Amino acid sequence: MIKTIGFGIGLVRFANAACTSGDGLEGVCRTRRECARIGGTGSGRCVNGIAVCCVVQKYCGDVTTSNSTYFANPNFPNLYNGGTICTFTIRKLSDDICQARIDFIAFTLAQPDANGLCATDGLTITGGASTVPTICGDNAGQHIYVDFNGNSTIQLNIFTGIAANSRVWNFKVSQIGCDCPTRAPSGCLMYYTTLMGTVRSFNYGTTGNAAMTRQLANQNYGVCIAMQPGYCSINWAQTAGDLYSFTVTGDSPTAVTTGTAGTNAVIGALCTTDFVVIPNPTFTGATPGAANVDRFCGNAFQPLTTNSKPFVLTVVNDANEVGDIGNRGFSLDFTQQRCNNVPVIG
Ligand SMILES: *[C@@H]1O[C@H](CO)[C@@H](O)[C@H](O)[C@H]1NC(C)=O
Ligand SMILES: *[C@@H]1O[C@H](CO)[C@@H](O)[C@H](O)[C@H]1NC(C)=O
């Protein structure tokens, strides 16, 4: 958006550019007056001092109609005792907004129960065009995209059960224009635009939890990777150096009690409860069992490559952890591979 403001001897035009405030939060360059109007706090200077870096921090019960708004627990950065349902509403800032991207800057809610259910605390999202699974536990650093459903608002609802001074959250909420190059394909819950990166299941963590599962139940979503020009296939492998980086079904007792990596890679039709799907893989190591499989579970993951597009990984978890002990979910690294015989500049 281009703003024109009166400025002494003439008019100065400037865009509502992104900026970083003195305390490291992302804001938008706005005039001091506009920042105050939308409930923001100005810090630092933009546009040679005629604007401020305006950061909008919102809390339970608030509504946002502006970009780059933060939504935190009451008394953030202090811990929150819980006991309420807290709702935050996102309203499109203009007609040509298609998605909200929510970055979990801080996200610690109660861990799931022994079935992986968010029984005490959880985040639910309503009002969007796409379904978002309920998530809880530790999710700092993760992100999600939610498609707007026409002009309807999107609600982030955080329920917190039994009182315990242990929760903290702060989410950055961005509004993504329909023509924005970083808009995720519709329906992708997570979207990565890098050549390499790490995808983790929600509540993935390297420490165990008393209920013996970190893996969340009732998940069914897609993680999309933007295919880069000159790149034709993608490798997936367990995150190196992390013994628990693929513990999806069955017991993970070796990983949990002895610090030994799991070796039981399970594939294909044997994966019926919790699994990830990667279409049409070629195994880059020894092939575990049959070929022609797209489902992966167990407590180890055989590195693979696929050239099926779009690049997508689907996560499916059923409603419980019956038969599974100590599963933490997955942490998988992806690396896009250059096209064969196609020269790539740069
Ligand atoms: C959204 O609201 C705008 C007016 O603000 C209207 O022109 C448009 O048709 C509405 N879109 C839908 C899908 O209802
Ligand atoms: C909102 O901010 C993000 C960066 O945080 C930017 O990518 C996006 O384009 C902005 N949306 C609009 C509508 O300007």
Side-chain angles (χ1 to χ4, degrees), residues 1-5 12-31 33-35 37-47 50-58 62-72 76 88-107 125-132 139-156 169-195 197 223-228:
M1 209 183 297
I2 303 293
K3 285 278 146 52
T4 305
I5 59 170
V12 177
R13 290 165 64 81
F14 68 96
N16 283 150
C19 56
T20 305
S21 74
D23 42 9
L25 296 174
E26 187 171 307
V28 173
C29 293
R30 298 183 192 280
T31 62
R33 178 181 302 173
E34 189 186 3
C35 185
R37 184 182 63 77
I38 63 170
T41 306
S43 90
R45 287 166 161 231
C46 295
V47 202
I50 60 170
V52 291
C53 187
C54 182
V55 174
V56 186
Q57 180 75 67
K58 301 267 186 178
D62 287 343
V63 179
T64 181
T65 48
S66 57
N67 200 9
S68 298
T69 303
Y70 289 83
F71 161 50
F76 178 84
F88 179 66
T89 301
I90 309 166
R91 184 169 291 144
K92 283 160 76 156
L93 63 80
S94 67
D95 288 345
D96 56 0
I97 297 295
C98 277
Q99 287 177 333
R101 175 180 164 123
I102 300 151
D103 283 282
F104 302 137
I105 310 297
F107 187 131
I125 297 186
T126 49
S130 42
T131 307
V132 180
N139 292 291
Q142 301 271 39
H143 74 271
I144 57 174
Y145 284 82
V146 185
D147 299 304
F148 280 96
N149 186 6
N151 288 336
S152 299
T153 58
I154 293 172
Q155 283 80 38
L156 311 185
W169 70 83
N170 193 23
F171 304 164
K172 188 184 127 197
V173 178
S174 309
Q175 301 207 7
I176 307 297
C178 301
D179 59 356
C180 180
T182 59
R183 174 183 175 186
S186 292
C188 297
L189 187 63
M190 307 182 92
Y191 185 51
Y192 293 84
T193 57
T194 49
L195 282 179
V223 178
C224 304
I225 318 287
M227 194 186 71
Q228 296 300 311

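In each ligand, atom 1 is the first atom listed, and ligand 1 is the first ligand listed. Here, residue 1 is the first one in the sequence, and each next residue gets the next number. Note that the structure is a prediction, hence the values are computed from the model and not measured.
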Let me see the working for C19 and C46 under disulfide bond (SG atoms under 2.5 Å apart), right down to the final yes or no.
CA-CA 8 Å; C19 56; C46 295; 3.7 Å; no

Check against disulfide bond (SG atoms under 2.5 Å apart), C54 and C29
CA-CA 6 Å; C54 182; C29 293; over 6 Å; no

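Ring-plane geometry between F107 and F171 is classed as parallel, the angle between the planes falling under 30 degrees on a 0 to 90 degree scale with a further cut at 60.
Note that CG of L195 and CD of Q228 are 5.5 Å apart. Values are rounded to the nearest 0.5 Å.
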Please report, to 0.1 Å, the donor-acceptor pairs under 3.5 Å made by any side chain of residues 95-103, with sequence neighbours excluded.
residue: D96; atom: OD1; partner: S94; partner atom: OG; Å: 2.5
residue: Q99; atom: OE1; partner: A184; partner atom: N; Å: 2.9
residue: Q99; atom: NE2; partner: D147; partner atom: OD1; Å: 2.9
residue: Q99; atom: NE2; partner: A184; partner atom: O; Å: 2.8
residue: R101; atom: NE; partner: D103; partner atom: OD1; Å: 3.2
residue: R101; atom: NE; partner: D103; partner atom: OD2; Å: 2.9
residue: R101; atom: NH1; partner: Y145; partner atom: OH; Å: 2.9
residue: R101; atom: NH2; partner: D103; partner atom: OD1; Å: 2.8

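Short contacts between ligand 1 and N151, defined as distances under 4.0 Å to a heavy atom of the residue, involve ligand atoms 1 (C), 2 (O), 3 (C), 8 (C), 10 (C), 11 (N), 12 (C), 14 (O).
E26 has its side chain out of reach of V55: every pair of non-hydrogen atoms, C-beta onward, lies at least 4.5 Å apart.
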Please tabulate protein-ligand N/O pairs under 3.5 Å for ligand 2, atom names and distances to 0.1 Å.
residue: ligand 2; atom: 2 (O); partner: N67; partner atom: OD1; Å: 3.4
residue: ligand 2; atom: 2 (O); partner: N67; partner atom: ND2; Å: 2.4
residue: ligand 2; atom: 5 (O); partner: E26; partner atom: OE2; Å: 2.5
residue: ligand 2; atom: 11 (N); partner: N67; partner atom: ND2; Å: 2.8
residue: ligand 2; atom: 11 (N); partner: Q175; partner atom: O; Å: 2.7

